[in-house]
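Read through the structure below, which is laid out as structure tokens, and then see the notes.
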Amino acid sequence: MPNARDRELGMDRPITRRDFLNGVAIGLGSMAASSILTGCVGRTSFEVPNVPDPAENYPPAAGGMRGSPAGSFEAAHALRDGTFWQTAGSPVHTDDTYDLIVVGAGISGLAAAHFFRKQAGASARILILDNHDDFGGHAMRKEFQVGKRRLLGYGAQSIESPSRYSPVVKGLLADLGVETQKFYSYFDQNLYSSMKLGSGIFFDRETFGEDRLVAGFGAIPHEQFFARAPLSEAARRDLVRLYTSKVDYLAGRTREQKRAILDKISYADFLTKIAKCTPEVLPVFQTRSHDLFGVGIDAVSALALYEAGDDYGYGYPGLDAMLGAAGSRGTEKTDPYIFHFPDGNASIARLLVRSFVPDAIPGHTMEDIVTAQADYSRLDGQQSPVRIRLSSTAVRVRHDGDPASARQVDVSYVRHGKLLRVRGRQCVLACYNSMVPYLCPELPAAQKEALVYGVKTPLIYSHVAIRNWTSFQKLGVFQVAAPGSYHVYAALDFPVSIGEYKFPSHPQEPMVVFMVRTPCQPGLSEREQHRIGRVELYDVSFETLERNIRDQLARMLAGGGFDPGADIVGITVGRWAHGYAYGYNSLFDPDFAEGQQPHVIGRKPFGRIAIANSDAGAVAYMDAAIDQAYRAVQELAQYRG
Ligand SMILES: Cc1cc2nc3c(=O)[nH]c(=O)nc-3n(C[C@H](O)[C@H](O)[C@H](O)COP(=O)(O)OP(=O)(O)OC[C@H]3O[C@@H](n4cnc5c(N)ncnc54)[C@H](O)[C@@H]3O)c2cc1C
């Protein structure tokens, strides 16, 4: 029975999640068979909950726990734990031989299929396997139906700084008909400011002693802003100094010397040791780096934060006066942060899939892809040269003989509790690189070691559909940093209208709120923090997440009259236990020599198998996923001679 607080929060209200237990549908008719089956041919013995067949359901509208939901990871974890083959029988062979098998239907795997087709011809037979019930990997689409209105959410958020993309990536976008310049008219950069909605910070009682939302960050003078915050006088004084003074804390050193110092000191230490701030300012900044790095300012260098900048505009004060303002950043982002499809980069994945299987997603343009309804029953059609097979976890990828002379690669995979095998002339592993040693145990030991070096960032992207957004309007905010809360950032959706998709531009209309959390353990190295955060992610129940979301929105937006029970109409959580690709951290990782970085050693081709994924570039962006796919396909082409 829900207690009084749960009732206030609306935990007993009917939203999509009521049919879901940890994101897995229960009690529905069209279930795939459970796989608690042992030992016999084609069967596996670990436990996988019932999951609906994507061909009979519509995954983007699933709601509840998404990202890495139950049913998507059990086979891989059994493989990692060494228990998978103890009871698995022999795989059952299916299908004729493919020209290419791709493991992973994320942007990298889909891009690999695209590049392979360009080289080998559109009739090349390609099979793409993915463990999820949807394609796109991180670039996954979320849909909400609020009354007659369909609203979209996303996994991977935006096309980031496209003017810096390589010719290969620009070429792929052009092939798909994506013209990034159009976002200058599709993204309404003035909507929120014209409504006088700006940025706020929510100070929570557990961290700051009382709940208080302070609006007007950047719009009112910093002195006034921080005077309203529940902070000590010393903290307020230092925060105002950081944001307003132009002090060069490393005066007398060259720019290179300053960069070298800031490369080896965390931003937390910079604040207290170099800028001499009171430690009381730290909780205000601690989680600001979470969205981009997955760890707090204790574990990210001041230089890395300076170079990365802050897409949300809160900034990392104190650095510009030493190194120069935005224009002088070595890795400056040259584009505004506006290249956003309403379903994020899922539109890129969907455009790729449409180019392979036109029958599955109607339409022809970057505009109509946004509202096109995908027919999942057509993705794995026998007649289609490219087949996309979902809910299929690869567990073994092996040459049929000596890798130097073998003519084929066997790929075993688990689908709905059955162990199956397909054969291809070549294979691209576009899955998480740390999974590759388990798939190909015969790789050289040094390569396997290199492949597991990077630890992907665990993170949660939650999307909450609300009846209207009058509470945000009353409070004068469209985005709120919440440094001590469960989700460290919450914002109204990006104001983008494309084709028939119209952004909810009036506060009375339903809206999707985006929230982000990256669990970690301050004080440890980045890789250790990610490992610990991942455990939390796999352990957390949807009920806990829902309660935290409702509680946080209720407290943050209380002054605007937000009622979590009445206002929340849908929640979809993107739980990404294996999120961003690991990029090296100058505080903890050695300065690897060029060519000796683990991701370079790890991605070496192995006979007829090449390795892609953004992990192979050690960069957590879409363009890296595409560039790595291109490299992998080039390696296979060279192998073919
Ligand atoms: C929440 C989030 C937000 C992001 N936002 C942005 C953004 O705004 N802009 C940006 O450029 N980048 C963003 N990224 C980075 C994103 O990782 C890349 O842009 C890109 O989408 C990665 O594509 P990928 O194909 O390399 O990897 P993935 O998307 O991870 O795809 C790999 C696929 O392989 C599957 N797989 C793994 N093992 C197996 C197996 N054994 N068998 C079958 N399938 C397997 C995985 O489940 C996954 O579906 C974001 C990432 C996350 C997690």
Side-chain angles (χ1 to χ4, degrees), residues 66-69 72-73 75-80 84 101-113 127-140 142 153-162 164-165 169 291-292 294 311 337 339-341 344-346 348-349 352 388-397 411-415 428-436 438-440 456-463 494 514 516-518 537 573-583 611-629 632:
R66 303 290 291 160
S68 316
S72 68
F73 54 79
H77 288 182
L79 199 63
R80 174 202 63 195
F84 182 86
I101 296 175
V102 180
V103 176
I107 294 285
S108 199
L110 297 172
L127 175 69
I128 308 174
L129 300 171
D130 199 282
N131 57 319
H132 289 105
D133 63 359
D134 204 348
F135 56 83
H138 295 157
M140 190 178 272
K142 298 172 183 168
Y154 48 82
Q157 196 173 65
S158 298
I159 302 171
E160 173 111 22
S161 301
R164 297 175 66 92
Y165 282 2
V169 181
D291 181 40
L292 216 49
D311 289 330
Y337 197 65
F339 306 98
H340 174 82
F341 282 98
N345 295 348
I348 306 293
L352 281 160
I388 300 167
R389 195 163 293 165
L390 300 171
S391 300
S392 300
T393 305
V395 289
R396 190 78 174 88
V397 178
V411 178
S412 301
Y413 66 97
V414 176
R415 184 158 205 272
V428 171
L429 299 178
C431 54
Y432 313 145
N433 282 191
S434 57
M435 173 96 197
V436 174
Y438 300 100
L439 298 178
C440 307
K456 289 170 89 66
T457 305
L459 72 162
I460 293 177
Y461 267 26
S462 300
H463 283 91
F494 296 103
F514 163 64
V516 64
R517 169 177 178 76
T518 62
L537 275 202
V573 173
R575 167 176 71 174
W576 295 106
H578 303 267
Y580 303 151
Y582 185 73
I611 296 173
N613 192 283
S614 51
D615 288 348
V619 174
Y621 286 110
M622 181 175 78
D623 56 319
I626 296 170
D627 279 327
Q628 293 306 317

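Counting convention: from 1, in listed order, for ligands and their atoms alike.
At the shortest separation from atom 33 (C) of ligand 1 among protein heavy atoms lies D130 OD2, 3.4 Å. Taking atom 32 (C) of ligand 1 as the reference point, the nearest protein heavy-atom neighbour is A430 O, 3.5 Å. Ranking protein heavy atoms by distance to atom 37 (C) of ligand 1, first place goes to C431 CB, 3.3 Å. With hydrogens left out, the protein atom closest to atom 27 (O) of ligand 1 is N613 ND2, 3.2 Å, a heavy atom. Here the protein heavy atom with the shortest distance to atom 16 (C) of ligand 1 is H138 ND1, 3.6 Å. Protein heavy atom closest to atom 21 (O) of ligand 1, with residue, atom name and distance, is I107 CG1, 3.8 Å. In this structure, atom 2 (C) of ligand 1 lies nearest to the protein heavy atom Y580 CE2, 3.8 Å. Atom 23 (O) of ligand 1 has its closest protein heavy atom at A625 CB, 3.7 Å.
Within the 6.0 Å centre-distance limit, the rings of H463 and Y154 are counted as a close aromatic pair.
Within the listing of ligand 1, atoms 4 (C), 5 (N), 6 (C), 7 (C), 8 (O) sit less than 4.0 angstrom from a heavy atom of Q157. Residue contact check: W576 has heavy atoms under 4.0 Å from atoms 1 (C), 53 (C) of ligand 1. When each atom of ligand 1 is checked for a heavy atom of S614 under 4.0 Å away, the hits are 22 (C), 26 (O). Of all atoms in ligand 1, listed by their number and element, those nearer than 4.0 Å to a heavy atom of G579 are 53 (C). Every atom of ligand 1 with a heavy atom of A620 under 4.0 Å away is listed here by number and element: 12 (N), 13 (C), 14 (N), 15 (C). For ligand 1 and M622, the ligand atoms under 4.0 Å from any heavy atom of the residue are 10 (C), 11 (O), 12 (N), 18 (C), 19 (O). Using a 4.0 Å cut-off to heavy atoms of T393, the atoms of ligand 1 that qualify are 41 (N), 42 (N). Close contacts of ligand 1 with S108, meaning ligand atoms under 4.0 Å from a residue heavy atom, involve 24 (P), 25 (O), 26 (O).
Inter-residue side-chain proximity for Y413 and R389 is flagged as met; some heavy-atom pair is nearer than 4.5 Å. A 4.5 Å side-chain heavy-atom check between V411 and V395 finds every atom pair outside the cut-off.
Neither the backbone nor the side chain of A612 has any atom closer than 4.0 Å to an atom of ligand 1 (non-hydrogen atoms only). Proximity of H132 to ligand 1, defined as any heavy-atom pair under 4.0 Å, is confined to the side chain (atoms from C-beta onward). The proximity of N345 to ligand 1, defined as any non-hydrogen pair under 4.0 Å, is limited to the side chain.
Between H340 and F494, the ring planes lie tilted relative to each other; the angle falls in the 30° to 60° range.
Taking the charged nitrogens against the carboxylate oxygens, R517 and D291 have no contact shorter than 4.0 Å, which rules out a salt bridge.
Which of S158, A156, A105 comes nearest to atom 9 (N) of ligand 1 through a heavy atom is settled by distance: it is S158. Heavy-atom proximity to atom 3 (C) of ligand 1, evaluated over Y461, Y438, Y337, F135, is greatest for Y461.
Where the criterion is an N or O separation shorter than 3.5 Å, residue side chain and backbone included, A394 meets it with respect to ligand 1. Residue N131 places at least one N or O, backbone or side chain, under 3.5 Å from an N or O of ligand 1.
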Quick one, L429 with N613, criterion side chain to side chain contact (heavy atoms under 4.5 Å, CB included). Give me CA distance, side-chain angles, the key distance, then yes/no. CA-CA 8 Å; L429 299 178; N613 192 283; over 6 Å; no

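Side-chain contact of S412 with R396: a donor-acceptor pair under 3.5 Å is absent, judged by distance alone. Checked by atom type, the side-chain pair Y165/E160 shows no donor-acceptor distance below 3.5 Å.
Although no hydrogens or angles enter the test, the distance criterion places no donor-acceptor pair under 3.5 Å between the side chain of N131 and the main chain of V414. No donor-acceptor pair under 3.5 Å is formed between the side chain of R80 and the backbone N or O of M435. The backbone N or O of A625 sits nowhere less than 3.5 Å from a side-chain atom of D627 that would complete a donor-acceptor pair. With N345 contributing its side chain and A156 its backbone, the two residues share no donor-acceptor pair below 3.5 Å. Not one N or O on the side chain of H132 forms a donor-acceptor pair closer than 3.5 Å with the backbone of G106.
Residue contact annotation: A76 has no non-hydrogen atom under 4.0 Å from ligand 1. Residue contact annotation: S392 has a non-hydrogen atom under 4.0 Å from ligand 1.
Results of the side-chain contact (heavy atoms from CB on, under 4.5 Å) test with I388 over I128, D130, L127 single out I128 as the only residue that passes.
Rounding to the nearest 0.5 Å gives a distance of 10.0 Å between OG1 of T393 and CG of L439.
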